[in-house]
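For reference, the structure discussed in these notes is given below.
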Amino acid sequence: MLRLLRSDPDAIKTLARDRAIALGAAALAVTDAVDDDATRERLLASIQRGDLATWRYDASYAARASDPRRLLPGARSVICIAMPFATPAPSFQPLTGRVSNYAWSNDYHPRMREMLELVAASIDEAAGEPVTAIACDTKPLAERALAARAGLGWIGKHTNLISPVSGSFVFLGEIVTSLALPADEPLRKTCGSCSRCVEVCPTGALRGDYTMDATRCISDLTQRTDAIPRAMRPLIGTWVWGCDLCQEACPPTMRAPFASGAEHAPSSRETSQPSLLALLALKSGQYRRLYRQTAMGWRGAALLRRNAAVALGNTLDRSCVGALSQALAGDPHPMVRSHVAWALGRIGSPAALAALRARRPLEGEAAVCEEIDLALEPFAARGR
């Protein structure tokens with residue numbers, strides 16, 4: 001039986017598809033494991049433009065990501081799997097942060113990895129020997145390009161894969177195999193004249209030519225570990241992790257059904273719509289309890305406090321000044337205090353300015369002092 005399956009690529013592909021669908025995948029498709037010149041050149045161009053500067057990718061990354069054989073020597077096929085995850089957005093509540101849909105539930109990486117491992121194990125068993133390696137976002141593999149080549153969808157102007165069935169809210173995973181499986185055809189489809197994602201992006205990250213300056217993307221801005229550029233802060237709004245604006249405006253995604261299964265639902269109110277004031281005061285123990293199991297669990301509590309400070313500044317809500325003033329005086333992380341100073345300056349109420357002036361002679365970090373000075377500067381000229 002094993003030898004029969006190994007000699008029947010169609011049977012193995014059907015086996016993999018049936019197993020993946022049973023485990024919650026929306027679709028599975030196959031493409032050849034080749035060194036993709038077009039993908040490598042596209043990545044190199046992005047790196048040279050500085051689009052990926054936040055992540056410090058270089059030419060070696062482009063070479064690895066565009067060739068699945070770097071992951072599995074002797075690879076001949078790549079099995080691409082898509083899992084939908086969209087769930088309904090919570091109703092708006094004042095002074096709450098916005099979180100990208102993918103991060104509402106427990107981290108998808110273990111779930112996708114488990115699916116890939118189970119499907120890969122079925123293929124290995126059918127082949128009679130190990131013939132697979134898996135990838136799920138954490139290894140250098142151009143998964144969207146592979147999925148598009150396999151026909152799971154097409155790359156949209158927001159640079160995400162758009163599934164004709166599930167829209168762009170899909171997790172992607174890959175099984176690279178040394179077996180030669182029948183390849184699927186790419187979809188002959190583009191976004192055409194639609195540019196809704198480009199128009200809705202508040203930071204101008206999307207160029208409209210299927211490329212993106214990731215250093216301007218709110219999703220990247222809320223995940224970077226250093227200071228968020230001052231010019232970008234007002235444009236972030238109340239997003240504290242990721243951003244879904246371009247995908248929410250995408251017609252195929254708007255038409256797509258929500259994902260089924262409780263595993264995709266928000267694990268708590270704190271993960272889908274956190275209180276900005278609670279987030280600003282987030283301690284390490286609370287962070288581990290509330291967020292460690294989510295996709296927000298890899299950057300640390302200080303980063304979420306920083307993002308909450310920016311979001312509070314953008315609310316322009318004077319009721320937040322007391323909490324921001326406490327954070328300016330008491331947060332242990334200089335990066336957080338710097339962004340709190342910016343938020344107080346953005347609100348600009350008498351109490352906010354008083355807090356900045358009171359903190360200035362006590363602050364020992366040069367970067368925080370600079371932010372306080374910049375926050376106060378516009379008001380000095382007006383005699384406030």
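It should be emphasised that the depicted structure is a prediction, and the values quoted were computed from it without experimental measurement.
A salt bridge links Arg360 to Asp373: at least one charged side-chain nitrogen sits closer than 4.0 Å to a carboxylate oxygen. Taking the charged nitrogens against the carboxylate oxygens, Glu371 and Arg233 do have a contact shorter than 4.0 Å, which makes a salt bridge. With respect to Asp184 and Lys13, a salt bridge is recorded, a charged nitrogen being found less than 4.0 Å from a carboxylate O. Between Asp36 and Arg149 a salt bridge is recorded (basic side-chain N to carboxylate O distance below 4.0 Å). Arg111 and Glu263 are not joined by a salt bridge, as no carboxylate oxygen comes within less than 4.0 angstrom of a charged side-chain nitrogen. Ion pair Arg207/Asp209 not flagged as a salt bridge, since none of the NZ, NE, NH1 or NH2 atoms sits closer than 4.0 Å to an Asp/Glu carboxylate oxygen.
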| request: Take Leu276 and Leu312, measure what side chain to side chain contact (heavy atoms under 4.5 Å, CB included) needs, and give me the verdict at the end. | output: CA-CA 7 Å; Leu276 291 174; Leu312 285 169; 3.6 Å; yes

| Chi angles and distances behind the side chain to side chain donor-acceptor pair (under 3.5 Å) call for Asp107, Thr294 | CA-CA 4 Å; Asp107 187 4; Thr294 75; over 6 Å; no

| query | Thr132 and Asp124: side chain to side chain donor-acceptor pair (under 3.5 Å), yes or no, with the steps? | reply | CA-CA 7 Å; Thr132 60; Asp124 290 342; 3.0 Å; yes

| Would Thr31 and Glu174 count as a side chain to side chain contact (heavy atoms under 4.5 Å, CB included) if you check the C-alpha gap in whole Å, the side-chain angles of each, and the deciding distance to 0.1 Å? | CA-CA 11 Å; Thr31 189; Glu174 298 76 42; over 6 Å; no

| request: Report the C-alpha separation of Val119 and Ile79 in whole Å, then their side-chain angles, then the decisive distance to 0.1 Å, and conclude whether the side chain to side chain contact (heavy atoms under 4.5 Å, CB included) test is met. | output: CA-CA 10 Å; Val119 176; Ile79 301 168; 5.7 Å; no

| field | Stepwise side chain to side chain contact (heavy atoms under 4.5 Å, CB included) check, Tyr210 with Cys191 | value | CA-CA 9 Å; Tyr210 300 89; Cys191 294; 3.6 Å; yes

| salt bridge (charged side-chain N to carboxylate O under 4.0 Å, His left out) between Arg64 and Asp35: does it pass, once the steps are laid out? | CA-CA 9 Å; Arg64 296 194 308 274; Asp35 188 359; over 6 Å; no

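A donor-acceptor pair under 3.5 Å links the side-chain atoms of Thr271 to the main chain of Trp104, judged by distance alone. No donor-acceptor pair under 3.5 Å is formed between the side chain of Tyr287 and the backbone N or O of Arg292. In this structure, the side chain of Asn307 engages the main chain of Thr222 through a donor-acceptor pair within 3.5 Å. A distance-only check finds no donor-acceptor pair linking the side chain of Asp137 to the backbone of Leu172 [under 3.5 Å]. Checking side-chain atoms of Tyr291 against main-chain N and O of Glu270 turns up a donor-acceptor pair under 3.5 Å. No donor-acceptor pair closer than 3.5 Å links the side chain of Thr253 to the backbone N or O of Ala249. Checked by atom type and distance alone, the side chain of Tyr102 never pairs as donor or acceptor with a backbone atom of Tyr108 at under 3.5 Å. Between the side chain of Arg76 and the main chain of Val34, no donor-acceptor pair closer than 3.5 Å is present. Formation of a donor-acceptor pair under 3.5 Å by the Thr177 side chain with backbone atoms of Val131 is found in this model. Using modelled atom types, no side-chain atom of Lys283 and backbone atom of Ala301 make a donor-acceptor pair closer than 3.5 Å.
In terms of heavy-atom proximity, Leu280 sits nearest to Val340 at CD1-CG2, 4.1 Å. Minimum interatomic distance between Ile218 and Gly242 (heavy atoms only, all atoms of both residues): CG2-O, 3.7 Å. Closest heavy-atom contact between Ile228 and Met232: CG2-CB, 4.3 Å.
Checked options Arg144, Glu248, Gln247; the residue passing with Ser168 is Gln247 (criterion: side-chain hydrogen bond (donor to acceptor under 3.5 Å, both in side chains)).
A distance of 6.5 Å separates CG in Leu235 from OG1 in Thr203, rounded to the nearest 0.5 Å. Residue Leu161 holds its CG atom at 10.5 Å from CG of Leu146, rounded to the nearest 0.5 Å. Summarising the geometry, atom CG belonging to Leu304 is positioned 5.0 Å from atom CG belonging to Leu279; distances are rounded to the nearest 0.5 Å. Tyr57 contributes atom OH, which lies 11.5 Å from atom OG of Ser46 (distance to the nearest 0.5 angstrom). The structure places OG of Ser219 at 8.0 Å from CE of Met212, a figure rounded to the nearest 0.5 Å. Distance OG1/Thr14 to CG/Leu28: 10.0 Å, rounded to 0.5 Å.
Placement of Val336 and Leu328 within a single hydrophobic cluster is found when ILVMFWY residues are connected by side-chain heavy-atom separations under 4.5 Å, directly or transitively. Under the 4.5 Å side-chain heavy-atom criterion for ILVMFWY residues, a single connected hydrophobic cluster contains both Phe171 and Ile175.
In this structure, Arg299 places its CZ atom where more than 12 heavy-atom neighbours from other residues, nucleotides or ligands lie under 6.0 Å away. Surrounding CD of Gln93 are more than 12 heavy atoms belonging to other residues, nucleotides or ligands, all under 6.0 Å away. Environment of CD in Gln286: crowded, with over 12 heavy atoms of neighbouring residues, nucleotides or ligands closer than 6.0 Å.
Side-chain contact check for Arg305 versus Pro332: some heavy-atom pair is nearer than 4.5 Å. For the pair Leu23/Leu118, a side-chain contact is recorded, criterion being any heavy-atom separation below 4.5 Å from C-beta on. At least one side-chain heavy atom of Arg224 sits less than 4.5 Å from a side-chain heavy atom of Leu221.
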